[in-house]
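Report on the following structure.
From a predicted model like this one, the values you see are computed outputs, not experimental measurements. Lettering of chains follows the sequences in order, A, B, ..., and the numbering in each one begins at 1.
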Amino acid sequence: MIDFKLLDKKWNDYWEKHNLNKFNEKNIDKKYYSLVMFSYPSASNLHLGHWYNYAPADTFSRFKRMQGHEVFAPMGFDSFGLPAENFAIKTGTHPMDSTNANIKTMQKQLAGIGAMYDPSSYLETSDPSYYKFTQWLFLKLFEKGLAYQKLAPVNFCTSCQTVIANEQVIDNKCERCSADVEKREMTQWFFSITKYAEELLQKLDTLDWPSKTVAMQKNWIGKSTGGEISFELECDDCKKKCNEKITVFTTRADTVFGVSYVVLAPEHPFVEKITTEKQKKEVQEYVKNTLKISDLDRQTSKEKTGVFTGAYCVNPANGEKIPVYIADYCLMNYGTGAVMAVPAHDERDFEFANKYNLPIKKVIESMQYNGQVSLLPFVEKGVLINSGAYSGLESNKAIRQILKDLEKVKKGQAKTNYRLRDWSVSRQRYWGAPIPIVHCEKCGIVPVPEKDLPIELPYNVQFTRDGVNPLSKCEEFINTTCPKCKKSARRESDTLDTFVCSSWYFLRYPDANNATLPFDTNKIAKMLPVDKYIGGAEHACMHLLYSRFITKAFRDMGYLNFDEPFASLVHQGLILGKDGFKMSKSRGNVVNPDLYVNEHGSDVFRMYLMFGFSFIEGGAWNDDGILALKKFLERVWRLVEKVSASLKSTPFATLEFNFDLSYAMHYAIKHVTEDLEKLSFNTAIARLMELVNSIYKHIESGTSLSLVSEVVQTLIKLLAPFAPHIAEELHQIMGGEGSVFSHQFPVCDENALVKLETELAVQVNSKIKSKVIVPTSATNEEIEKIALADEKVIESTNGANPKKVIIIKDRLINIIV
RNA sequence: GCGGUUGUGGCGGAAUGGCAGACGCGCUAGACUUAGGAUCUAGUGUUGCAAGACGUGGGGGUUCAAGUCCCUUCAACCGCACCA
């Protein structure tokens, strides 16, 4: 028996030599853009997760290719990022060096998968030829007012020593290193993703994406429609001091008659101005304490606390004088940082009001339980009561009417709010694309002219533990001249979030060697959107959201002619350790793919990954499973050797048709095709196994050699996307021409699936009682006649006349008596 | 609390409302053997000697027919979360 792993290199070299993986632009009309998420070159090699993403994706690409599509399947490296720099601080190895070394290792391992990656589209985001255009992207956004700098409270990771985006904060910990995240006030660069909030939300419904990912993005964008209502301050003194009114955001304007106080976030700018002398000490103390405790504690300690400011304001709906409180359950970063509190109809306000003895006034009654009085807090919508002229109105109607009426007197208006924040892209670290901005004392913030790009990272920098960005300490980098006034100026030392690099890489792939432009608009118009994007679910609210935003921004600048980058998205599942837990070094349950690939070869491993799991579910690793696939491929191998040997000894075998074998072949073709289309790899392989079993049976019963050989050749083509190396070798053994991948994927002949006779299940009163064989062409009357004549049917009906007979073609007949 | 997903043999997993458990692992028996992680053959949901009965987390319902649709309930996983 051949050692499969010997085939890997042979055929990889063959594909490379014959340029088989290169996208042919002549066939651009038939393009199929098959994309996987590119790799991050971490020190720890290609892991099982990569394999589980890339191997099945390659099978899909190869399938599409054999179907006649011109498949574009690129691969590159997302090679900037904090881990490389942290590694440098620890070991002294320069990030550029360690990254390049890691890339070399991973490229070797990637080649082991045997995937059809187009070498000419290769890219690395840390290469100046790439980040030149990441910087270009920044300049374009800046030009359009979509990139701006502001002083803002940001998330600062204490371990990574940098700001990170909202999307990268998980449970108040850093997404990368799990260290605590602090709130800090810093001047930072932002991208205005919020300007696209509505479109990002709306277009989700047009995408062929997993419902979970769509839901997560919707949730993240967090649209809520309601209104803003203004509460004028009551005391003249306060009014004079800030000449302002407190504006709140609410989705429940219908409850405005039930407002018994107004709450400001402790950070709200009005707090200091409106607090009375008497309350000052208490308020200051409270604010101080709130800022001191972390966001995490503020979230987990759900008990409501707060302090009265001493100020009062007026409810615009009924003129009531109500107190103004500050409380940490009111968040500064949502809405207006102020809320109207309606204890009767909001759980939080209810709790707070009870604690501080504030009035609770019911203004909504349930519509569902007639006569029955609803318990407080009643948070559903209903009918207004105790609400002046609005009493009796249904909530939704009242919301519209009240906001409309308030607008007339300039005390309110309808308003939509989003939870999405602008994307913070500044990173106080070295290993990223430098932000192409110069700070000039005279001219202020000056963008670097396009012709000066790329602003290259200096190699000679010091990596220390002091938490200071090496770039800001590098005089040769920092000191420059202002592009406007030519006087000496300083470069921006922040670099871009690596998610900026990955938010446009799929646009670069098709034109990866373009030195003057990030991509050619006309070419991109033909190559995108991506037809199938396969990658992990963990990017739902980061990469997958950012990429959509960048695509829309570029579209609006005229560089792109499509709205969405990824038409169809699939997340592969997660492969767990043998113990059923997520693989981790600390658990010691990490499965190293290299071991298996080195032992059994790439194809056996690929096929196990596809057969042993439901692709989108994943599951626990199991060593036994892989041997099953080895056995299967060896069984195929023996079959092919046997058939090819017989062909040599009796080359003039005559064709003798065998319906059953032909049927088995076309059945397999049909279902493998359908299953691959759905990325249902495990069932597709099951159909291949059935076909192999069937061929063996027919060989034993002496079916004609020429038919068997035709079926075997078909089998090899069906197998090719799954086990590309072995299939090439088998194709050659069978005397096939060239690469098996330059052949058409087999096409099912539906006529071959029409049987002369069909077996039907016979039910009596919906219970299976018997089976009958009927001619496929039989009419319903004939089928009924045959079924009623069946012994077991007669027995179970006692010869009674059927009341009703249901016949489902090719499946069953149900006789109701 | 909100949103999403999943519950099927000993195991991984299949089933356009139409014969539940495809395919494979494992297991049992047998064949062949220079004894192997080999190959082949048969069997393998539970229960029964059998005919049969019972079976897709639980409970209801719709239907001639439900793993699949509806209601309800339980459990697990994932995401968001004091979002006004």
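- In this structure, A:I616 places its CD1 atom 17 Å from P of B:rG12, rounding to the nearest Å.
- Under a cutoff of 6.0 Å and an axis angle of 45°, A:R587 and A:F581 form a cation-pi pair.
- Applying the 90° criterion around 0 to the glycosidic angle, B:rG26 comes out anti.
- Rounded to whole Å, atom P of B:rC78 lies 12 Å from atom CE of A:M216.
- Set against B:rC80, B:rC83, B:rG18, the side chain of A:R811 has B:rG18 as its closest nucleotide.
- Spacing between B:rA20 and B:rG45 at atom P, rounded to whole Å, works out to 14 Å.
- Nucleic acid contact class of A:E599 (heavy atoms, under 4.0 Å, all strands): base.
- Using a 4.0 Å cut-off between charged side-chain N and carboxylate O, A:K769 and A:E795 make no salt bridge.
- Look at A:Y334 and you'll find a side-chain N or O under 4.0 angstrom from OP1 or OP2 of B:rA84.
- Going from atom OH of A:Y329 over to atom C1' of B:rG1 covers 17 Å, rounded to whole Å.
- Note on A:E634 versus A:K631: no salt bridge recorded, every NZ/NE/NH1/NH2 to OD/OE distance being 4.0 Å or above.
- One atom, OH of A:Y608, and another, C1' of B:rG12, lie 7 Å apart when rounded to the nearest Å.
- Across all strands, A:I768 comes closer than 4.0 Å only to sugar-phosphate atoms, never to a base (heavy-atom distances).
- A 6.0 Å sphere centred on CD1 of A:I816 holds more than 12 heavy atoms belonging to other residues, nucleotides or ligands.
- Base pairing of B:rG1 is made with B:rC80, judged by Watson-Crick or G-U wobble geometry with both donor-acceptor distances under 3.5 Å.
- Under the Watson-Crick and G-U wobble criteria, each requiring two contacts below 3.5 Å, nucleotide B:rG9 is left unpaired.
- Nearest-nucleotide positions on RNA chain B place A:E617 closer to the 5' end than the other of A:A761 and A:E617.
- Remark: the separation of the P atoms in B:rA15 and B:rC27 is 27 Å, to the nearest Å.
- Note on A:R419: every side-chain N or O is 4.0 Å or more away from OP1 and OP2 of B:rA84.
- Classification of A:K630 and A:E599 as a salt-bridged pair fails, no side-chain N sitting under 4.0 Å from a carboxylate O.
- Each of B:rA14, B:rG24, B:rA84 was ranked by its minimum atom distance to the side chain of A:M689; first place goes to B:rG24.
- Here the C1' atom of nucleotide B:rC64 and the CD1 atom of A:I808 are 9 Å apart, to the nearest Å.
- Of all nucleotides present, none satisfies the Watson-Crick or G-U wobble test against B:rA22 with each distance under 3.5 Å.
- The side chain of A:S211 contributes an N or O atom lying less than 4.0 Å from OP1 or OP2 of B:rU5.
- Under a cut-off of 6.0 angstrom, the local environment of CD in A:E347 is sparse, with at most 12 non-hydrogen atoms contributed by other residues, nucleotides or ligands.
- Taking for each of A:N219 and A:M340 the nucleotide of RNA chain B with the nearest heavy atom, the 5'-most of the two is the partner of A:N219.
- No contact: A:N765 has no heavy atom under 4.0 Å from any strand.
- A:E347 comes within 4.0 angstrom of nothing in the nucleic acid, heavy atoms only.
- Residue contacts shown for A:E634 are absent, as no nucleic acid heavy atom lies under 4.0 Å away.
- Contact annotation: side chain of A:R252 to base of B:rA84, donor-acceptor pair absent below 3.5 Å.
- A:K697 comes within 4.0 angstrom of nothing in the nucleic acid, heavy atoms only.
- The aromatic rings of A:W621 and A:Y608 lie perpendicular to each other, with more than 60° between the two planes, well past the 30° mark.
- Using a 4.0 Å heavy-atom distance criterion, A:K631 is classed as a sugar-phosphate-only contact.
- With B:rC23, B:rG79, B:rG18 as the choices, the nucleotide that has an atom nearest any side-chain atom of A:L812 turns out to be B:rG18.
- Nucleic acid contact for A:G618: sugar-phosphate only, since backbone atoms but no base atoms lie under 4.0 Å from a heavy atom of the residue.
- For A:K767 and B:rC54, the shortest distance from a side-chain N or O to OP1 or OP2 is below 4.0 Å.
- The base of B:rC25 lies outside donor-acceptor range of the side chain of A:D624, with no N or O pair under 3.5 Å.
- Within the nucleic acid shown, A:I806 comes within 4.0 Å of at least one base atom, counting heavy atoms only.
- Base-pair partner of B:rU46: B:rA53 (Watson-Crick or G-U wobble, both distances under 3.5 Å).
- When heavy atoms are screened at a 4.0 angstrom cut-off, A:F611 is found touching base atoms of the nucleic acid.
- When the side-chain nitrogen and oxygen atoms of A:N622 are compared with OP1 and OP2 of B:rG13, none of them lie within a distance under 4.0 Å.
- Base-pair partner of B:rU63: not found among the strands shown (Watson-Crick or G-U wobble, both distances under 3.5 Å).
- A:G612 comes within 4.0 angstrom of the backbone, heavy atoms only, and of no base.
- Using a 4.0 Å heavy-atom cutoff across all strands shown, A:R687 reaches at least one base atom of the nucleic acid.
- Distance CG (A:L264) to P (B:rA84): 18 Å, rounded to an integer number of Å.
- Taking the C1' atoms as reference points, B:rA51 lies 14 Å from B:rU47, given to the whole Å.
- The partner of B:rA29, taking Watson-Crick or G-U wobble pairs whose two distances both stay under 3.5 Å, is B:rU41.
- Of the candidates B:rA84, B:rC64, B:rA15, the closest approach to any side-chain atom of A:L331 belongs to B:rA84.
- Under 4.0 angstrom from either OP1 or OP2 of B:rA14 there lies at least one side-chain N or O belonging to A:S614.
- Spacing between atom CD1 of A:I685 and atom P of B:rA14 amounts to 12 Å, rounded to whole angstrom units.
- Remark: C1' of B:rG12 and CG of A:L627 are 14 Å apart, rounded to the nearest angstrom.
- In this structure, A:D623 pairs ionically with A:K578, as a charged nitrogen and a carboxylate oxygen lie closer than 4.0 Å.
- Looking at A:K792 and A:D790, no side-chain N of the basic residue comes within less than 4.0 Å of a carboxylate O on the acidic one, giving no salt bridge.
- Not a single donor-acceptor pair, N or O on each side, falls under 3.5 Å between the base of B:rC64 and the side chain of A:K803.
- Separating the P atom of B:rG79 from that of B:rA14 is a span of 23 Å, rounded to the nearest Å.
- Across all strands shown, A:N682 has heavy atoms under 4.0 Å from sugar-phosphate atoms exclusively, and none from any base.
- When each of A:N219, A:T194, A:N333 is checked for a side chain to side chain contact (heavy atoms under 4.5 Å, CB included) with A:R419, only A:N219 meets the rule.
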